[in-house]
Amino acid sequence: MYYPTSSRLIEYLILAIVESQDSYGYEISQTIKLVANIKESTLYPILKKLETAAYLETYTQEHQGRKRKYYHLTDLGKDHLAFLTNEWLRYKETIDGIAEGRIRHDKK
Amino acid sequence: MTRNEYLSQLDRYLRKLPQKDYEEAMEHFTEYFEEAGPENEAQAIQDLGSPKEAAHELLSNLLDKKIEEDNDVSNPNRSKQIIGISILAIMAAPIALPLLIALLTIILSLFIVGFSLIIAAVSISFTSLAVSFGFLWETFTQLSGHFSTFSLGLGASLLSLGLGLLLLGVTILLAQWLKWCIIKISQWIVKRGQRS
C-alpha cells in the first residue's frame, strides 16, 4: 500500500479484528499485513501494549497439536474500540469529504 | 535456514537486553513460528526478515520506547538500560564493521571524557568545601584577634563554600548533558541504519 499506516491505526485494527472472534498472533499479523507494510518486530510491542493496557487478554489453546496464544477483547477494550471507531469515522468522513469536494474551508 | 537457526541467531543479538524485554521478544518470535507451522516456515522467515534486520528494528523500537519512558522514576536502571540498548542497536545496525568499530569508539571516548570531567569537577568542589572549613577553623582560632583578619578569614571561607556548591551543581548538569549526548548520537546512528 502506498499510504503508511500509523501505529494508532494498527491498534484500532487489532482491536477490531478480535472483536467478533478471538484470534491468535499469526492470524492477526497476517491480516494487518494486508494493509500495512509492518514488521513483526514493530507489531508485537503494539500487541503487548494493548495487553498491558488491559484492552486484550490472552489464553493458550491447543489447535491440531499446536499451541496458540489467543487474544480476547475485554470490556475495557470494547469501550476503547468504540472510541477508536468513532474517531476513525470522523477521520474517514473528513478525508472523503475533502477528496470529493463536499467539505472545504470557506474563506469569508 | 531453519526455525531453530533463525531463533538462535536472533538470540545472539538480543541476549544482552534487560531480562523482561529479552523474554518478551523471544517468546513472540517463537510463538510466531509455532503458529505459522512447519509448512509455512520458509514463508515466515521471509516475512520476518533476516535475524539481524529483525533485531535491529526491534532494538530501535525498544530504544524509542525506553527514551519515552525516561521520566518514569519507578525504574532506577533506566539510564543504564537506555545506553545498553543503544549499544546493542548500533551493533545490529546495517553498518560495515570498520565504521561500526569507529562509531563505538567515538561513543566510548565521549563517555570517558565526560566521566573524567565529572570526576575532576567533583574533586575540585570537594577541595573547595574542605578549604572552606579550613578557613572557618582558622578564622575562629588564629584570626579572631582583630576584626579585619576575622572578616578576611570568614570571607575566604564563604567564597570557597560558594564555589564548591556552584561546581557541584555544574557537575550534575554535566552528567545529564553527557547522557543526553550519548542518547542523541546513538539515536542518530540507529535511525541512519534504518533508512539505508
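Reminder, nothing fancy here: chain letters follow the sequence lines and each chain counts from 1.
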Atom [atom1] of [X] and atom [atom2] of [Y]: how far apart are they, to the nearest 0.5 Å?
X     : Y     : atom1 : atom2 : result
A:Y44 : B:N61 : OH    : CG    : 8.5 Å
A:Q30 : B:N40 : CD    : CG    : 8.0 Å
A:K48 : B:D21 : NZ    : CG    : 10.5 Å
A:T60 : B:E31 : OG1   : CD    : 7.0 Å
B:L58 : A:K39 : CG    : NZ    : 12.0 Å

Verify same cluster id: B:W137, B:V131 (apolar side-chain graph, 4.5 Å): no
Are B:Y32 and A:I17 connected in the hydrophobic side-chain network, where two residues link if heavy atoms are under 4.5 Å apart?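 No.
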Looking at B:E39 and A:R66, does any basic side-chain N land under 4.0 Å from a carboxylate oxygen? yes
B:E27 bridged to A:K69 by N-O distance under 4.0 Å: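 Yes, B:E27 and A:K69 are salt-bridged.
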For B:A54 and A:S41, work out which heavy atoms get closest and say how close.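 Looking at all heavy atoms of both residues, the closest pair is O-OG, 3.2 Å.
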A quick test of your reading: do over 12 heavy atoms of other residues, nucleotides or ligands sit less than 6.0 Å from [atom1] of [X]?
X      : atom1 : result
B:K52  : NZ    : yes
B:F126 : CZ    : no
A:R102 : CZ    : yes
A:Y3   : OH    : no
A:K33  : NZ    : yes
A:E62  : CD    : yes
B:F135 : CZ    : no

Is it the side chain or the backbone of [X] that comes within 4.5 Å of chain A heavy atoms, both, or neither?
X     : value
B:F33 : neither
B:E34 : both
B:A44 : neither

Residue pair B:E57, A:T42: steps toward the side-chain contact (heavy atoms from CB on, under 4.5 Å) verdict: CA-CA 7 Å; B:E57 173 142 342; A:T42 311; 2.2 Å; yes
Do B:H28 and A:L43 come within less than 4.5 Å of each other through their side chains, counting heavy atoms only?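 A side-chain contact is absent here, since even the closest heavy-atom pair is not under 4.5 Å.
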